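Each residue takes its place number in the sequence, starting with 1. Every value quoted in this text rests on a predicted model; they were computed, and no experiment measured them.
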Amino acid sequence: MKSNPKQAVRPGRREFVAGLGAVALAAALPRPALAAPAEINVGVILPLSGANAQFGINSRQGLELAADEINAAGGIKSLGGAKLKLIIADATSQPTTAATVAQRLITQNRCVALIGAYASSLTLAVSEVTERRGIPLLTMSFSDVLTERGFKHIFQVVSKGSVLGRAQYDYAASVVAGASDIKKIALLYEDTAYGTSQAVGVRNAAKAAGAQIALDEAYPLGITDVTPLISKLRASDAQIVFPISYLNDSLLIIRVMRQQRLTVPIVGGAAGYVIPDFAKALGQYSQAVLSIAPANYDQAPEYTERYRKRFGTFMPHEALEHAVCVGVLAQALEVAASDKPEAVSQALRAKKYDQGWAGVMSGGGVHFDASGLNTLAQPIMVQWQNNELVSVWPQALAKGRVITAS
């Protein structure tokens with residue numbers, strides 16, 4: 001009689017019962033927790049080449065300083081001491097490149113969150129990608145649009161551009177001699193997302209104060225000849241000028257004004273007016289120039305002097321605010337006890353963050369509202385004095401008095 005192959009492999013009753021027992025035993029035993037990641041990938045997108053490269057380099061240095069300190073202090077303790085790994089990519093100052101880089105960081109590098117991208121035009125492009133993918137994006141870009149689209153995964157640690165612009169005017173009225181009686185102003189701004197957002201704030205504040213905007217002039221980013229602009233400024237009879245621009249444009253504007261002995265008070269719009277290279281390039285021409293800023297290093301020297309020691313200059317606001325982004329993200333990871341992007345986004349909105357680098361932000365910390373805007377951020381007016389930026393207003397944050405140009 002031939003044997004049946006199927007019967008040869010069929011388990012007997014004894015073996016079957018034993019198998020059930022093994023399954024039951026395995027189910028009863030406690031399951032080991034999922035292993036915590038050794039590293040948490042954080043994507044960083046910055047303009048490391050092109051017109052805004054120096055801002056990107058400063059930002060990268062601030063990010064690296066904060067991440068190194070967090071890792072040295074034990075990493076993310078709720079995730080077993082996982083270390084932050086910054087994966088830094090160059091946006092080349094181009095929005096299309098920034099969006100492509102964001103896609104790569106998410107799909108290939110499995111980044112838990114993204115930070116960047118300094119220039120508002122770059123960040124707007126990146127945010128479209130991160131929102132579709134459900135990845136939190138922390139930024140210090142100014143554009144109002146960033147947090148006005150109903151996005152759920154955007155987190156803006158600074159005041160938005162229109163708020164900075166309003167403060168740019170209102171603070172100037174408080175600190176510039178005779179500014180409270182100003183009848184005519186001039187507004188010069190680059191036609192980018194940053195420039196146009198901030199110009200709205202200046203414009204609205206001037207109108208509310210009853211001042212005439214004698215010159216309201218947008219110009220293209222990367223302008224090479226500002227002489228026609230300065231000629232219009234002189235002809236406007238404006239008593240104060242509010243320029244809003246990145247570094248190269250700011251240098252041209254101030255240099256031509258000084259060379260033409262145009263002494264109208266200048267109140268810059270952050271960016272190019274508050275970077276160390278501004279004073280390096282202009283020398284005495286930079287002395288006494290005022291500017292609005294979203295934060296300043298002299299508010300928390302116990303932190304920012306570590307940047308000076310490591311990199312040789314004071315900590316520019318973009319470096320400071322990117323360090324704040326890292327600090328807030330690290331604390332949110334602690335709260336979430338998870339490296340899942342959705343859990344991190346929820347944790348970012350869950351509470352106020354004011355410890356470590358998060359507390360260095362103007363206003364004493366970071367608390368995001370439903371739109372992703374930091375409700376605690378407070379603009380600061382700064383002035384160039386002996387190649388340093390001194391906070392001069394509001395009075396509660398002032399570290400020095402306003403000086404006049406010699």
When you check the side-chain N and O atoms of [X] and [Y], is any donor under 3.5 Å from an acceptor?
{"X": "Ser78", "Y": "Glu334", "answer": "yes"}
{"X": "Gln355", "Y": "Gln331", "answer": "no"}
{"X": "Ser141", "Y": "Thr139", "answer": "yes"}
{"X": "Ser93", "Y": "Asn52", "answer": "no"}
{"X": "Asp298", "Y": "Ser391", "answer": "yes"}
{"X": "Gln94", "Y": "Thr92", "answer": "no"}
{"X": "Ser127", "Y": "Arg149", "answer": "yes"}
{"X": "Thr130", "Y": "His153", "answer": "no"}
{"X": "Thr147", "Y": "Gln156", "answer": "yes"}
{"X": "Ser245", "Y": "Tyr273", "answer": "yes"}

Q: Measure up the Tyr297 and Phe314 rings against each other and bin them: parallel (under 30°), tilted (30 to 60°), perpendicular (over 60°).
A: parallel
Nearest 0.5 Å, please: how far is [atom2] in [Y] from [atom1] in [X]?
{"X": "Asn374", "Y": "Phe368", "atom1": "CG", "atom2": "CZ", "result": "6.0 Å"}
{"X": "Met140", "Y": "Met361", "atom1": "CE", "atom2": "CE", "result": "8.5 Å"}
{"X": "Leu188", "Y": "Met257", "atom1": "CG", "atom2": "CE", "result": "8.5 Å"}
{"X": "Ile244", "Y": "Asp249", "atom1": "CD1", "atom2": "CG", "result": "12.5 Å"}

Q. In chain order, what residues pass the ring-ring contact (aromatic ring centres under 6.0 Å, His included) check against Tyr169, with sequence neighbours excluded?
A.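 By the ring-ring contact (aromatic ring centres under 6.0 Å, His included) rule, Tyr169 matches Phe242.
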Q. Is the shortest side-chain N to carboxylate O distance from Arg310 to Asp68 below 4.0 Å?
A. yes
Closest approach of [X] and [Y], non-hydrogen atoms and distance?
{"X": "Ser162", "Y": "Asp144", "value": "OG-OD2, 2.6 Å"}
{"X": "Leu164", "Y": "Ile292", "value": "O-CG1, 3.8 Å"}
{"X": "Asp191", "Y": "Leu221", "value": "OD1-N, 3.6 Å"}
{"X": "Ser49", "Y": "Asp90", "value": "OG-OD2, 2.7 Å"}
{"X": "Val226", "Y": "Leu252", "value": "CG2-O, 3.5 Å"}
{"X": "Ala271", "Y": "His317", "value": "N-NE2, 3.8 Å"}

Residues in side chain to side chain contact (heavy atoms under 4.5 Å, CB included) contact with [X], at least two apart in sequence or another chain:
{"X": "Glu69", "answer": "Leu65, Arg306, Trp357"}
{"X": "Thr100", "answer": "none"}
{"X": "Ala173", "answer": "none"}

**Q.** Intermediate values then yes/no, side chain to side chain contact (heavy atoms under 4.5 Å, CB included), Ile230 and Gln260
**A.** CA-CA 9 Å; Ile230 305 308; Gln260 294 190 12; 3.7 Å; yes
Q | Full working for salt bridge (Lys or Arg N to Asp or Glu O under 4.0 Å) between Glu388 and Arg308 | A | CA-CA 12 Å; Glu388 294 283 320; Arg308 191 193 299 267; 3.1 Å; yes
Q | Short side-chain to backbone donor-acceptor contact, Arg104 and Ala99, under 3.5 Å | A |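 Side chain of Arg104 to backbone of Ala99, a donor-acceptor pair under 3.5 Å: no, none is there.
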Q) Is there a donor-acceptor contact under 3.5 Å from the side chain of Ser362 to the main chain of Gln378? A) yes
Q) Among all residues two or more places apart in sequence or in another chain, which pass the side chain to side chain donor-acceptor pair (under 3.5 Å) test with Glu64? A) none
Q.
Could you work out, with side chain to side chain donor-acceptor pair (under 3.5 Å) as the rule, every residue matching Glu131, not counting sequence neighbours?
A. none
State, yes or no, whether a side-chain contact exists between [X] and [Y] at a heavy-atom distance under 4.5 Å.
{"X": "Thr123", "Y": "Leu137", "value": "yes"}
{"X": "Ile185", "Y": "Gln239", "value": "no"}
{"X": "Ile40", "Y": "Lys83", "value": "no"}

Q. What about Tyr246 and Tyr118, are their ring centers closer than 6.0 Å?
A.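 Yes, close enough.
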Is it the case that atom [atom1] in [X] sees more than 12 heavy atoms from other parts of the structure closer than 6.0 Å?
{"X": "Glu302", "atom1": "CD", "answer": "yes"}
{"X": "Lys399", "atom1": "NZ", "answer": "yes"}
{"X": "Asp225", "atom1": "CG", "answer": "yes"}

Q: Carefully, step by step, assess Val326 and Ile115 under the rule side chain to side chain contact (heavy atoms under 4.5 Å, CB included).
A: CA-CA 8 Å; Val326 174; Ile115 297 174; 3.9 Å; yes
